[in-house]
Asks: 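A single structure is presented below for examination.
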Number of protein chains: 2
Amino acid sequence: MDNLDRSILDELRRNSRAGYGDIGQIIGLSASAVKRRVDRLVADGVIRAFTIQVDPTVDGMNTEAYVELFCRGTVAPEELLRILSAVPEVVDAGTVTGSADAIVHMRSRDIPSLEAALERVRIAPNVDHTRSAIVLSRLIHRSND
Amino acid sequence: MDNLDRSILDELRRNSRAGYGDIGQIIGLSASAVKRRVDRLVADGVIRAFTIQVDPTVDGMNTEAYVELFCRGTVAPEELLRILSAVPEVVDAGTVTGSADAIVHMRSRDIPSLEAALERVRIAPNVDHTRSAIVLSRLIHRSND
DNA sequence: ACTGAAATGTTGCCTAA
DNA sequence: TTAGGCAACATTTCAGT
């Protein structure tokens with residue numbers, strides 16, 4: 001991870017479809033050198049994914065909730081990961097300090113589909129109960145890390 | 001916005017560098033047809049950006065918390081927005097149903113800087129108290145928040 | 001939707017530090 | 001031994017039909 005890698009990340013953050021040659025021209029490297037660095041960044045897990053940002057309102061994904069997850073006994077993070085991975089509405093999740101075992105950020109098309117997704121989380125064994133806070137109005141959304 | 005557009009969005013979400021031909025093969029369309037649709041989705045603002053997800057630990061931003069915000073009396077969403085906008089560690093926030101007034105997702109370099117950021121939220125007038133859940137291990141990170 | 005020309009991605013090999 | 005450049009080849013993009 002040197003300055004060149006950081007510049008590549010910046011460029012890809014701005015446009016993940018940018019050509020290797022274009023990036024190289026900006027940071028002063030050949031296309032193949034850039035490709036090799038990008039491949040390495042992906043292999044090393046620095047770049048997690050090449051994705052797009054979609055206007056949530058157009059996509060109709062404008063219903064959100066923060067859900068606290070309470071489990072029975074102790075549950076390994078790996079098991080929570082397995083449960084939550086199966087639900088595409090889960091946008092973001094992590095185990096947390098405090099009384100809840102995990103907090104899950106969900107986004108879905110509407111309330112019924114949110115409810116259905118919640119149900120899929122709840123039926124998992126070891127999940128005791130959940131406590132949801134539905135988002136009324138989105139205040140801040142600083143997309144991208 | 002038909003089902004084909006939605007399939008294209010799904011594919012690009014999974015891999016924004018996917019070739020038009022590859023996408024076409026999956027959803028049953030020619031490469032040029034896919035390109036025209038993608039161009040239209042970008043022009044219409046449905047696709048906001050082509051970007052990458054970077055491992056936050058590489059950026060040195062590996063401490064996260066979900067914070068419930070409790071206010072005194074009734075606070076307008078605009079005021080919460082004003083308060084939270086001033087704190088760059090706030091990644092995501094919204095007013096919610098339930099006993100808390102808002103939920104705030106914060107990301108910072110380490111615990112001390114998280115504490116400092118929290119303090120900046122707490123000193124705002126009308127903010128009664130906060131309840132934080134610090135993220136122990138990140139399970140899912142599917143979106144850009 | 002198909003085609004061909006142009007652009008870009010990909011890989012092997014060589015050189016330099 | 002690691003990283004970059006160059007060149008040849010494969011694939012993709014893109015405009016014109």
Side-chain angles (χ1 to χ4, degrees), chain A residues 1-61 85 88 91-92 142-145, chain B residues 1-62 109-110 138 140-145:
Chain A
M1 268 301 277
D2 56 8
N3 286 8
L4 286 164
D5 284 331
R6 250 175 263 282
S7 304
I8 290 172
L9 290 179
D10 284 344
E11 248 348 275
L12 287 176
R13 259 196 271 253
R14 197 129 48 106
N15 174 21
S16 63
R17 278 184 90 89
Y20 295 132
D22 297 340
I23 297 172
Q25 208 153 17
I26 291 166
I27 68 173
L29 233 54
S30 73
S32 51
V34 172
K35 184 199 184 302
R36 284 186 186 116
R37 280 174 178 266
V38 172
D39 286 346
R40 183 174 48 73
L41 288 168
V42 171
D44 291 354
V46 176
I47 295 175
R48 292 180 105 94
F50 294 87
T51 88
I52 54 171
Q53 274 177 243
V54 178
D55 183 340
T57 60
V58 173
D59 199 32
M61 303 293 274
S85 295
V91 157
D92 203 31
R142 299 205 178 107
S143 53
N144 254 36
D145 317 321
Chain B
M1 269 301 276
D2 56 9
N3 283 10
L4 287 165
D5 283 331
R6 252 178 261 283
S7 303
I8 290 172
L9 291 179
D10 283 344
E11 260 331 289
L12 287 176
R13 259 196 272 257
R14 199 131 54 96
N15 174 20
S16 62
R17 281 185 88 89
Y20 297 133
D22 298 339
I23 297 172
Q25 208 154 15
I26 292 166
I27 67 172
L29 232 53
S30 72
S32 35
V34 173
K35 183 196 184 304
R36 267 189 285 115
R37 279 173 180 267
V38 171
D39 287 346
R40 184 173 47 73
L41 288 168
V42 171
D44 291 355
V46 176
I47 295 176
R48 283 213 149 104
F50 293 87
T51 127
I52 54 171
Q53 278 176 237
V54 177
D55 184 341
T57 60
V58 172
D59 283 349
M61 301 291 275
N62 47 11
R109 185 185 300 100
D110 47 32
R138 167 59 72 112
I140 307 250
H141 189 139
R142 288 217 185 95
S143 128
N144 312 294
D145 37 47

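Each chain gets a letter, A, B and so on, in the order its sequence line appears, and its residues count up from 1.
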Asks: Quick one: I23(B) CD1 to dT12(D) P, roughly how many Å, whole number?
Replies: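 Answer to the nearest Å: 11 Å.
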
Asks: With a non-hydrogen cut-off below 4.0 angstrom, is S32(B) in contact with a base, only sugar-phosphate, or nothing?
Replies: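 The answer is base, as S32(B) lies within the cut-off (heavy atoms under 4.0 Å) of a base atom.
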
Asks: Looking at dT10(C), I'd like to know if its phosphate oxygens (OP1 or OP2) sit under 4.0 Å from a side-chain N or O belonging to Y20(A).
Replies: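 Checking dT10(C) against Y20(A), a side-chain N or O does come within under 4.0 Å of OP1 or OP2.
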
Asks: Counting only heavy atoms not in R40(B), do more than 12 fall under 6.0 Å of its CZ?
Replies: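 Enclosed: over 12 neighbouring heavy atoms sit under 6.0 Å from CZ of R40(B).
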
Asks: Taking any heavy-atom pair under 4.0 Å as a contact, classify R17(A): base, sugar-phosphate, or nothing.
Replies: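 Counting heavy atoms under 4.0 Å across all strands, the contact made by R17(A) is with sugar-phosphate only.
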
Asks: A31(B) or G19(A): which one's nearest nucleotide on DNA chain C is closer to the 5' end?
Replies: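 The residue closer to the strand's 5' end, by nearest nucleotide, is A31(B).
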
Asks: Does dG4(D) have OP1 or OP2 under 4.0 Å away from a side-chain N or O of R37(A)?
Replies: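 Yes.
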
Asks: Return the value, rounded to whole Å, for the distance between atom CZ of R36(A) and atom C1' of dC14(C).
Replies: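 Between C1' of dC14(C) and CZ of R36(A): 11 Å.
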
Asks: Using the side-chain heavy atoms of L29(A), tell me which of these nucleotides is nearest: dT12(D), dT13(D), dG4(D).
Replies: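 For L29(A), the side-chain atoms sit closest to dG4(D).
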
Asks: Rounded to whole angstroms, how far apart are CG on D2(A) and P on dA3(D)?
Replies: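 Answer to the nearest Å: 9 Å.
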
Asks: Report yes if at least one side-chain N or O of K35(B) is closer than 4.0 Å to OP1 or OP2 of dC14(D); otherwise report no.
Replies: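 Answer is yes, contact under 4.0 Å.
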
Asks: Under the side chain to side chain donor-acceptor pair (under 3.5 Å) rule, collect the residues that match up with S16(B), sequence neighbours excluded.
Replies: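 S16(B) satisfies side chain to side chain donor-acceptor pair (under 3.5 Å) with S16(A) once adjacent residues are dropped.
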
Asks: Between D39(B) and R36(B), is there a salt bridge with N-O shorter than 4.0 Å?
Replies: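 No, no charged N to carboxylate O under 4.0 Å.
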
Asks: Kindly confirm or rule out a cation-pi arrangement of R17(A) over Y20(B), judged by NZ or CZ under 6.0 Å from the six-membered ring centre and within 45° of its axis?
Replies: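 Yes, a cation-pi geometry holds between R17(A) and Y20(B).
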
Asks: Rounded to the nearest Å, what distance is computed from the CD atom of residue Q25(A) to the P atom of nucleotide dG4(D)?
Replies: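 In whole Å, dG4(D) P lies 17 Å from Q25(A) CD.
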
Asks: CG of D22(B) versus P of dT8(C): gap in Å, rounded?
Replies: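 Checked: the CG to P distance equals 18 Å.
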
Asks: I want to confirm an ordering. Mapping S30(A) and A18(B) to their closest nucleotides on DNA chain D, which one lands closer to the 5' end?
Replies: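 The residue closer to the strand's 5' end, by nearest nucleotide, is S30(A).
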
Asks: Any salt bridge between R6(B) and D2(B), counting N to O under 4.0 Å?
Replies: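 Result for this pair is no, no salt bridge flagged.
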
Asks: Measure from the side-chain heavy atoms of A33(B) and tell me the nearest of dG5(D), dA1(C), dT10(C).
Replies: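 The nucleotide sitting nearest to the side chain is dA1(C).
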
